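Remarks on the structure that follows.
Every value quoted in this text rests on a predicted model; they were computed, and no experiment measured them. Counting starts at 1 for both ligands and their atoms, following the listed order. These values consider heavy atoms only, across backbone and side chains, with no hydrogens, waters or symmetry-generated copies.
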Amino acid sequence: MSRIAVIDADLIGRKKHRFPNLACMKLSGYHKVHGDEVALKTDYEGLAGFDRVYLSKVFTDTDVPEDILKLGNLIYGGTGFYYDKAPALPDEVEHHMPDYYLYGGWVQEKLDAGAKRNEYRFYLDYSIGFLTRGCFRKCGFCVNRNYDRVCMHSPLEEFLNLDRKKICLLDDNFLGHPKWEEMLQGLKAVNKPFQFRQGLDERLLDDRKCAALFSGRYDETYTFAFDNIADAEVIESKMALARNYTNARLRFYCFCGFDREDVWDEGFWAEDVFGLLKRIEILMRHQCLPYVMRFNRYMESPFRGVYVSIARWANQPGIYKKKSLREFAVMNGEQSACYRYLSDFERQFPKAAYFYDLKYETVCGMADRDVAGER
Ligand code: SF4
């Protein structure tokens, strides 16, 4: 029997991180089944006392001490280290049932200290996995850019734990697989609420997909992506199509801060901010929610604070649905950084005023209470 330590570096390095590391759970599951003793380490102390230490991270900006990576008994991996070139786990680990109890002690400590259970729901309530992997769209910023199609990855049974009441799918572009319908039927047959955590590709919706998708026991909010204002026409037509099938709340990831032309000059940054504001206006018109996601080079933008302010407003549905961006800035106070960033931007680009004054309830033309699923 070997003593194995598993380190989820995002758990240590990111204060608000609340999602289990699937690779860590699979490694733990594999070793436990082979009779090893597995511990989840939540610090970097005493690692020399283990026969083997696995360290994984998902986010590139999670810090890990350099000297830890040099330990002779340590193996590290994940997109946080290698991004789109991350080596795969060995097949026997990749396709092993995750150990859903790996985080149990750590979560219990948090709950005993008064944390809200809901914040830890992905550790407690969900079976987690990929039915498919990959994508065919090759977006330049995406970790999946080296794939050229969506491939089958795991049958549901491989990661389904019947004791868990919900299912969280991490598929990159589920609707892009030719067998999406069969897999969706399989999900529905299990009769547990499910969600696609990474968002679905709205551009692929048609009547058949809408009918199948919007009739399932979906968990939380249907989430799609609206990454580029150039897709406005197709996205709008699909939103209208989706509304024939559901009144549920729809949310769209709005990616920003990435220059597809690779120029990164001031003209790009201003245009990108307006592209984001225009997408939010379109979403308002269709009673949809945005979720602003920033490529990390937004930090280099002269409008960095504008991106942060828009994200703080748009990513809080309770505020986004009640206040315009300008009202949000006023709420922060005229001395606040948010107010200053937005005012400076408006002075430089007066057309921003139009977007600052848009208000969800007015733009979508119906009161929030009339939209089923938003209560
Ligand atoms: S569509 Fe989504 S998953 Fe596919 S390459 Fe683009 S960002 Fe990645």
When you check the gap from the basic side-chain N to the acidic O, do D201 and R137 get nearer than 4.0 Å? yes
At less than 4.0 angstrom from any non-hydrogen atom of K138, what atoms of ligand 1 do you find? 5 (S)
Between the main-chain N or O of A212 and the side-chain N or O of Y245, is there a donor-acceptor pair closer than 3.5 Å? no
I'd like to know if the side chain of R145 and the backbone of C139 have a donor-acceptor N/O pair within less than 3.5 Å. no
List ligand 1 atoms under 4.0 Å from D172, heavy atoms only on the residue side. 3 (S)
Give a yes or no answer on whether the side chain of S28 reaches the backbone of C24 with a donor-acceptor pair at less than 3.5 Å. no
R137 heavy atoms within 4.0 Å reach ligand 1 at atoms 1 (S)
Does NZ or CZ of K166 fall inside the cone over F194's six-membered ring, less than 6.0 Å from its centre and within 45° of the axis? no
Examine C139 and say whether one of its N/O/S atoms is closer to atom 4 (Fe) of ligand 1 than 2.8 Å. no
Looking at T62, is its backbone amide N or carbonyl O close enough to the side chain of K57 to form a donor-acceptor pair, meaning the two atoms are under 3.5 Å apart? yes
By number and element, which atoms of ligand 1 are closer than 4.0 Å to a non-hydrogen atom of N144? 3 (S)
Report the C-alpha distance between Q108 and D112 in whole Å, list the side-chain angles of each, state the deciding distance to 0.1 Å, and finish with yes or no for side-chain hydrogen bond (donor to acceptor under 3.5 Å, both in side chains). CA-CA 6 Å; Q108 194 55 52; D112 290 346; 2.9 Å; yes
At under 4.0 Å between heavy atoms, what of F255 touches ligand 1? The answer is neither
Using a distance threshold of 4.0 Å (strictly less than), state whether atom 2 (Fe) of ligand 1 has a protein heavy-atom neighbour. no
Among protein heavy atoms, which lies nearest atom 8 (Fe) of ligand 1, and at what distance? C142 SG, 2.3 Å
Return yes when F136 approaches ligand 1 closer than 4.0 angstrom through a heavy atom, no otherwise. no
What atoms in ligand 1 come closer than 4.0 Å to a heavy atom of C135? 1 (S), 3 (S), 4 (Fe), 5 (S)
